[in-house]
Q: 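Here it is, the structure, as structure tokens.
All residue numbers in this chain count up from 1 along the given sequence.
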Amino acid sequence: MTAPKLMPLAIGLFAVGVLAIVAVFVLFIAGHSDLPVWLNVAATYLPAIGLGLGIIAVVRKSRRKRS
């Protein structure tokens, strides 16, 4: 996957992960203590995966410009 295709994916995953984090906080404030596993997994891993893919995309793009 090339950098231009990778960056939108990274931004999307990061955004969905941040939304999941916000949802966890809102549900916790509303009094829900037993949250679904998929929501906890999304809040835990999607921002990190999105950030990692974003870093990879930026590094690949900068190396391509030098060549």
Side-chain angles (χ1 to χ4, degrees):
M1 195 174 277
T2 62
K5 293 179 185 175
L6 192 60
M7 186 56 82
L9 176 66
I11 292 170
L13 286 175
F14 187 79
V16 171
V18 170
L19 287 175
I21 291 171
V22 170
V24 166
F25 278 113
V26 168
L27 289 172
F28 181 73
I29 291 170
H32 298 282
S33 60
D34 192 22
L35 299 176
V37 174
W38 66 267
L39 185 60
N40 289 325
V41 170
T44 302
Y45 293 114
L46 287 182
I49 293 170
L51 181 65
L53 288 176
I55 291 171
I56 290 170
V58 168
V59 168
R60 290 179 73 184
K61 185 177 179 181
S62 68
R63 286 189 178 187
R64 189 176 327 134
K65 283 184 178 179
R66 288 184 182 180
S67 302

Q: For Ala10 versus Gly50, what's the shortest heavy-atom pair and its separation?
A: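 Looks like CB-O, 3.3 Å.
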Q: Group every Ile, Leu, Val, Met, Phe, Trp and Tyr by side-chain heavy-atom contacts under 4.5 Å, then state whether Tyr45 and Leu6 land in the same group.
A: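 The answer is yes; both residues are in one hydrophobic cluster.
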Q: May I ask whether Val41 and Leu13 are part of the same hydrophobic cluster, defined by side-chain heavy atoms of I, L, V, M, F, W, Y residues being less than 4.5 angstrom apart, directly or through others?
A: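 Same cluster.
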Q: Kindly work out whether a path of hydrophobic side-chain contacts (I/L/V/M/F/W/Y, heavy atoms less than 4.5 Å apart) joins Val16 to Val37.
A: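 Per the 4.5 Å side-chain linkage, Val16 and Val37 are co-clustered.
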Q: From Ile49 CD1 over to Phe14 CZ, what is the distance, rounded to the nearest 0.5 angstrom?
A: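 The CZ atom of Phe14 is 12.5 Å from CD1 of Ile49, to the nearest 0.5 Å.
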Q: OG1 of Thr44 to CG of Asn40: how many Å apart, nearest 0.5 Å?
A: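 Between atom OG1 of Thr44 and atom CG of Asn40 there are 6.0 Å.
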Q: Considering all heavy atoms of both residues, which atom of Leu39 and which atom of Ala23 are nearest to each other, and what is their separation?
A: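 Leu39 and Ala23 have their closest heavy atoms at CD1-CB, 4.3 Å.
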Q: Identify whether Val24 and Trp38 are in the same connected component of the hydrophobic contact network (ILVMFWY, side-chain heavy atoms under 4.5 Å).
A: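 Linked, Val24 and Trp38 end up in one cluster.
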Q: Which heavy-atom pair separates Pro47 from Ile21 by the least distance, and what is that distance?
A: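 Heavy atoms of Pro47 and Ile21 come nearest at CG-CD1, 3.9 Å.
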Q: How long is the straight-line distance from CG of Leu46 back to CG of Leu19, given to the nearest 0.5 Å?
A: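 Going from CG on Leu19 over to CG on Leu46, the span is 10.5 Å.
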Q: Hey, could you give me the CD1/CE distance between Ile55 and Met7, rounded to the nearest 0.5 Å?
A: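 Going from the CD1 atom of Ile55 to the CE atom of Met7 covers 9.5 Å.
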Q: Would you give the length of the straight line joining atom CG of Leu51 to atom CD1 of Ile11, rounded to the nearest 0.5 angstrom?
A: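 Taking CG in Leu51 and CD1 in Ile11, the distance rounds to 11.5 Å.
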